[in-house]
Amino acid sequence: MDSGTEVTFAASNSSLESGGAAEPAAALHLLSRQPSRFKGVVPQPNGRWGAQIYDRHARVWLGTFSDQEIAARAYDVAAVRYRGCEAITNFPGERPSAGELAFLAAHSKSEIVDMLRKHTYAAELRHGLCRGRGMGARVQPTTPWAQKLLFEKVVTPSDVGKLSRLVVPKQHAEKHFPLKRSPENTTGNGVLLNFEDGEGKVWRFRYSYWNSSQSYVLTKGWSRFVREKGLRAGDTVAFSQPVYGQQDNNNQLFINYRKTPRKQDEAGHPDDAIAAEARSIKLFGVDIAGGGGREAGEKGTANSWET
DNA sequence: AGGTGTGTTGAA
DNA sequence: TCAACACACCTG
């Protein structure tokens, strides 16, 4: 499961509910859609929980969570961002701190929603509180010189294709990303790793070993990164770690990327992964066919607009 | 295949 | 505004 500090207003009292009979069993979810006792939280068919908030007649999806209490906190964060600190929340006792309010104010609604959906809100808030001191200054990315390069990889077509996973070269994986069965962050198989990108944004990927292909891979969360950055086969991704603090610094890592120069083809997003793949395979990074295919509205995760 | 998130509807 | 419900489509 995801760590307990997924989403939340600093505190964590909440004697509300969880105390008593903590779900006799998750067994009833097959046919009985037990409604959530939390505002903005809806049950998912598989027993998990979704969070959503409404903004001017439109639903804004805040992501899915394994625990309805965490989903409820995600809703609370969104509620404050969308409706102000007076908004009705699931945990009235846990009001956001001044710092968190500043953090929220410093980010657009869609940015906050993205963090919630990626389950990186808590991590980004920590950074914001740490770095962007004083008024809710925008989060400043960690300067490159504070990062120690671990390794780079030129992404393959399948790394940016519909497989939604990045194969981490075994040598680098075993050297830099030892896959331990550590207590926390362990999700069934694999672990959840946080990476800060060049903009100071945090990404969470599931990292695991696939027996079938005998390879180490970054899976869940990776496709979102590929999509947002518009990564194409031939581009390079670099993984680094903090040069100072112990690498145990909240096991915070960095991920950066570099586009390979292409013929006057701006950073088109590969909406059509298949076409992008075929093109890249043949041309070996040298692109001719212009259209990266962005034009039409982005699909999937395009949501919420700004005030 | 399983899970996520949207379409949609009716109630608050 | 909001959640129940169904299910198309995406991801892992």
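In this text, all values refer to a predicted model and were calculated from it rather than measured experimentally. Residue numbers start from 1 in every chain, and the chains themselves are labelled A, B, ... in the order their sequence lines are given, proteins ahead of strands.
- OP1 or OP2 of dT11(C) sits under 4.0 Å from a side-chain N or O of Arg227(A).
- One finds a side-chain N or O of Lys39(A) lying less than 4.0 angstrom from the OP1 or OP2 phosphate oxygen of dC2(C).
- Looking at Arg59(A), its side chain comes within 3.5 Å of the base of dG7(B) through a donor and an acceptor atom.
- Residue Ser164(A) has its side chain nearest to dT11(C) when only dT6(B), dT11(C), dC7(C) are considered.
- By the 4.5 Å heavy-atom criterion applied to side chains, Ile112(A) and Tyr121(A) are counted as neighbours.
- The interatomic distance linking Ile53(A) (CD1) with dC2(C) (P) rounds to 7 Å, in whole Å.
- Aromatic ring pairs are classed by plane angle as parallel below 30°, tilted from 30° to 60° and perpendicular above 60°; the pair Phe225(A) and Phe205(A) is perpendicular.
- Remark: Arg56(A) is not in phosphate contact with dT1(C), judged by side-chain N or O atoms under 4.0 Å from OP1 or OP2.
- Residues Arg224(A) and Arg117(A) are in side-chain contact: their nearest non-hydrogen atoms beyond the backbone lie under 4.5 Å apart.
- Salt bridge Lys229(A)/Asp235(A): absent, no basic N to carboxylate O contact under 4.0 Å.
- Here the side chain of Asn46(A) is nearest to one of dG3(B), dA3(C), dT11(C), namely dG3(B).
- dA3(C) atom P lies 15 Å from atom CG of Asp55(A), rounded to whole Å.
- Contact check, Thr219(A) against dT11(C): no side-chain N or O comes under 4.0 Å of OP1 or OP2.
- Distances from the side chain of Val42(A) to the nucleotides dA4(C), dG3(B), dG5(B) place dA4(C) closest.
- Among the atoms of the strands shown, none is found under 4.0 Å from any heavy atom of Gly50(A).
- In this structure, CH2 of Trp61(A) is placed 18 Å from P of dC9(C), rounded to the nearest angstrom.
- Side-chain contact between Arg73(A) and Phe65(A) is absent, with no heavy-atom pair separated by less than 4.5 Å.
- One cannot find a donor-acceptor pair under 3.5 Å joining the base of dG5(B) and the side-chain atoms of Gln52(A).
- Distances shown here put every side-chain N or O of Arg165(A) at or beyond 4.0 Å from the OP1 or OP2 atom of dT11(C).
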